[in-house]
Amino acid sequence: MQLAVADAYFREVLENLRENLGASTVDLWFGKAKVTAFDGETITVAAENEFKKNTVINRYLDRLENMFEHSAKRRLRVVVTSKDEINEEENRIFTNADKPAVKPEPAESDNSFSVYKGYTFENFVVGSSNKVAQSACSAVAANPAVRINPLFLYGPSGLGKTHLLFATANEAKTRNRNINILYVTGEQFTNEIIDAITAKNTAEFREKYRGADLLLVDDIQFIAGKVVVQEEFFHTFDTLYKLQKQIVLTSDKPPKDINPLEERLKTRFEMGLIADIQPPETELRAAIFKQKTQTLGLDIPNEVLNYLAENIKSNVRQIEGAVKKLWALSFITNEKITLDMAKSALVDYFRELKPAITPETILKILEKRYGISKEEMTSKKRTADIVYSRHLAIYLIQEFTDLSLKRIGRLFDRDHSTIISARDNVAKRIKSDSLFNKEVNEIKEEVENR
Ligand code: ADP
Ligand code: MG
């Protein structure tokens, strides 16, 4: 039982880490990590190997301890070991411990088709705010490239766009095992084409994308402002469209508001059906709460469901977070959830709903402060005020996010040595110029209080 409790804490910690660091970083360092022991005071987490263990200890131990404290509501000692150090016995106990309840299983991937099987139409709750998007996806899955092409879904984050894309893919694959489905995010597409160009290997890239029967591009807004990527995407799009292959795109805004984006792409994105997804209305929120609690086998009285539906409004991801939190609580205390329990458990949760810090957050704050737009900061312009903001942006993005130098470089369309020198310039000036130091601290504070 102790181990199961610790496991529930750990799951919550991982969830929080994902919010903070992004899923890929967390999967890299903690993907195969397990809790192997818990005596009420000390929790032992085994990393996948020695190397990951050392990285976790050096980079993430403090954060882990704080997060465990937050989950357990008291300070625990966190010891990190590696799997190589675990003996057979512990291994056996661990594999018998309760498995995570809701982690979607990745589909067995054959390269082209790797989406989460856990996201289906069956477990997507439909209401008036997402009905059009859901039926369009379902029509596309049933008859790709017959009526709706392209299908363009847009709406704020956390409302089920990715879920619908995966559901479309899963359904299309169920109906036709031979269909060639490609799912990418706008960011992956961008990275792949840049890598292909660097490696002088664009033929392979083109062959891959232009061979798709169903191309799903998630968060296409990422290609805004990237000339080469837009060019390549335009040709991919056009080829597939002419071959009567199905294209589905998602974005956080409608085509006309994605800027800067080539006109010819906008026109093409608008050629088929554009469906938006709005934040769920109260009944839909209650229905989603009900579904998520049922999936977890959690029995929550209606008054608690209503309380949740009234208080968590903007986003389905938050609904899931709240439900998981209650699940962990009822698991740990072994009691049914009451309204009072829910209220006190979620006080912290409501407080934590601050958005994560992204490059966008930082660029916006700088734009407000200095009147230099995001486009100017990421442009090639070299007037003094723009360079000043750009360097600050680069420095702050490195301070506050986990993006690699390469990724930051791409954001600013510069190589990584330029990024390093911009960062170092700012760091040097902070040390030598106290006014500048004060200025940077003010901005940092603003970022933290975003
Ligand atoms: P987006 O891509 O729009 O940011 P996601 O598709 O990642 O959002 O959805 C966030 C989470 O909320 C996912 O776990 C998803 O399964 C869940 N979700 C969103 N909308 C619904 C819905 N209508 N019914 C069930 N789950 C939903
Ligand atoms: Mg998404």
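Whatever order the structure lists ligands and atoms in, that order sets their numbers, starting from 1.
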Nearest non-hydrogen protein atom to atom 7 (O) of ligand 1, with distance, is Arg317 NH2, 3.0 Å
Taken by chain and residue number, the protein N/O/S atoms under 2.8 Å from the Mg ion (ligand 2) read Thr162 OG1
Per-atom filter on ligand 1: closer than 4.0 angstrom to a heavy atom of Ser157 are 4 (O)
Tell me which donor-acceptor pairs under 3.5 Å the side chains of residues 143-160 have, and how far apart each pair is, sequence neighbours excluded?
| unit_1 | atom_1 | unit_2 | atom_2 | d |
| --- | --- | --- | --- | --- |
| Asn149 | OD1 | Gln246 | NE2 | 3.2 |
| Asn149 | OD1 | Ile247 | N | 2.9 |
| Asn149 | ND2 | Lys245 | O | 2.8 |
| Ser157 | OG | Arg317 | NH1 | 3.2 |

Counting heavy atoms under 4.0 Å, the part of Ile288 that contacts ligand 1 is side chain
message = For ligand 1, which is the ligand I care about here, please tell me if Phe124 has any N or O atom under 3.5 Å from one of the ligand's N or O atoms.
response = no
min-distance protein heavy atom vs atom 6 (O) of ligand 1 -> His163 N, 2.8 Å
- Task: Evaluate the criterion side-chain hydrogen bond (donor to acceptor under 3.5 Å, both in side chains) for residue pair Glu192 and Tyr209; output intermediate values, then yes/no.
- Result: CA-CA 11 Å; Glu192 278 182 33; Tyr209 280 95; 3.0 Å; yes
Asn170 vs Thr120, test: side-chain hydrogen bond (donor to acceptor under 3.5 Å, both in side chains). Steps then yes/no. CA-CA 7 Å; Asn170 286 319; Thr120 59; over 6 Å; no
In this structure, atom 25 (C) of ligand 1 is nearest to the protein heavy atom Asn123 O, 3.3 Å
Heteroatom proximity flag, Val316 to ligand 1, N/O under 3.5 Å = no
Short version for Asn130: what comes under 4.0 Å of ligand 1, heavy atoms counted, is side chain
**Message:** Is it the case that ligand 1 has an N or O less than 3.5 angstrom from some N or O of Lys292?
**Reply:** yes
In this structure, atom 23 (N) of ligand 1 is nearest to the protein heavy atom Val125 O, 2.8 Å
### Pro254 backbone acceptor or donor facing Ser251 side chain under 3.5 Å
no
Do any N/O atoms on Gly160 end up under 3.5 angstrom from N/O atoms on ligand 1? yes
* Could you tell me whether the side chain of Arg75 and the main chain of Glu69 form a donor-acceptor pair under 3.5 Å? => no
Quick note, ring-ring contact (aromatic ring centres under 6.0 Å, His included) partners involving residues 123-148, not counting sequence neighbours, are Phe124-His163
Residues 298-313 vs side-chain hydrogen bond (donor to acceptor under 3.5 Å, both in side chains), sequence neighbours excluded, gives Asp299-Lys336
*Would you find more than 12 non-hydrogen atoms of other residues, nucleotides or ligands less than 6.0 Å from Lys364 atom NZ?*
no
Close approach, Gln134 and ligand 1, non-hydrogen under 4.0 angstrom: no
heavy-atom search around atom 14 (O) of ligand 1 in the protein gives Glu320 OE1, 2.7 Å
Which of Asp213, Leu214, Leu215 passes side-chain contact (heavy atoms from CB on, under 4.5 Å) with Asn180? It is Asp213
* Counting only N and O atoms by type, is there a donor-acceptor contact under 3.5 Å from the side chain of Gln230 to the main-chain atoms of Pro260? -> yes
> Just by distance, do the side chain of Lys52 and the backbone of Leu28 share a donor-acceptor pair under 3.5 Å?
Replying inline: yes
for atom 4 (O) of ligand 1, nearest protein heavy atom and its distance come out as Gly158 N, 2.6 Å
Ser135-Ser138 side chain donor-acceptor pair, cut-off 3.5 Å = no
Would you say the ring centroid of Tyr9 lies under 6.0 angstrom from that of Phe331? no
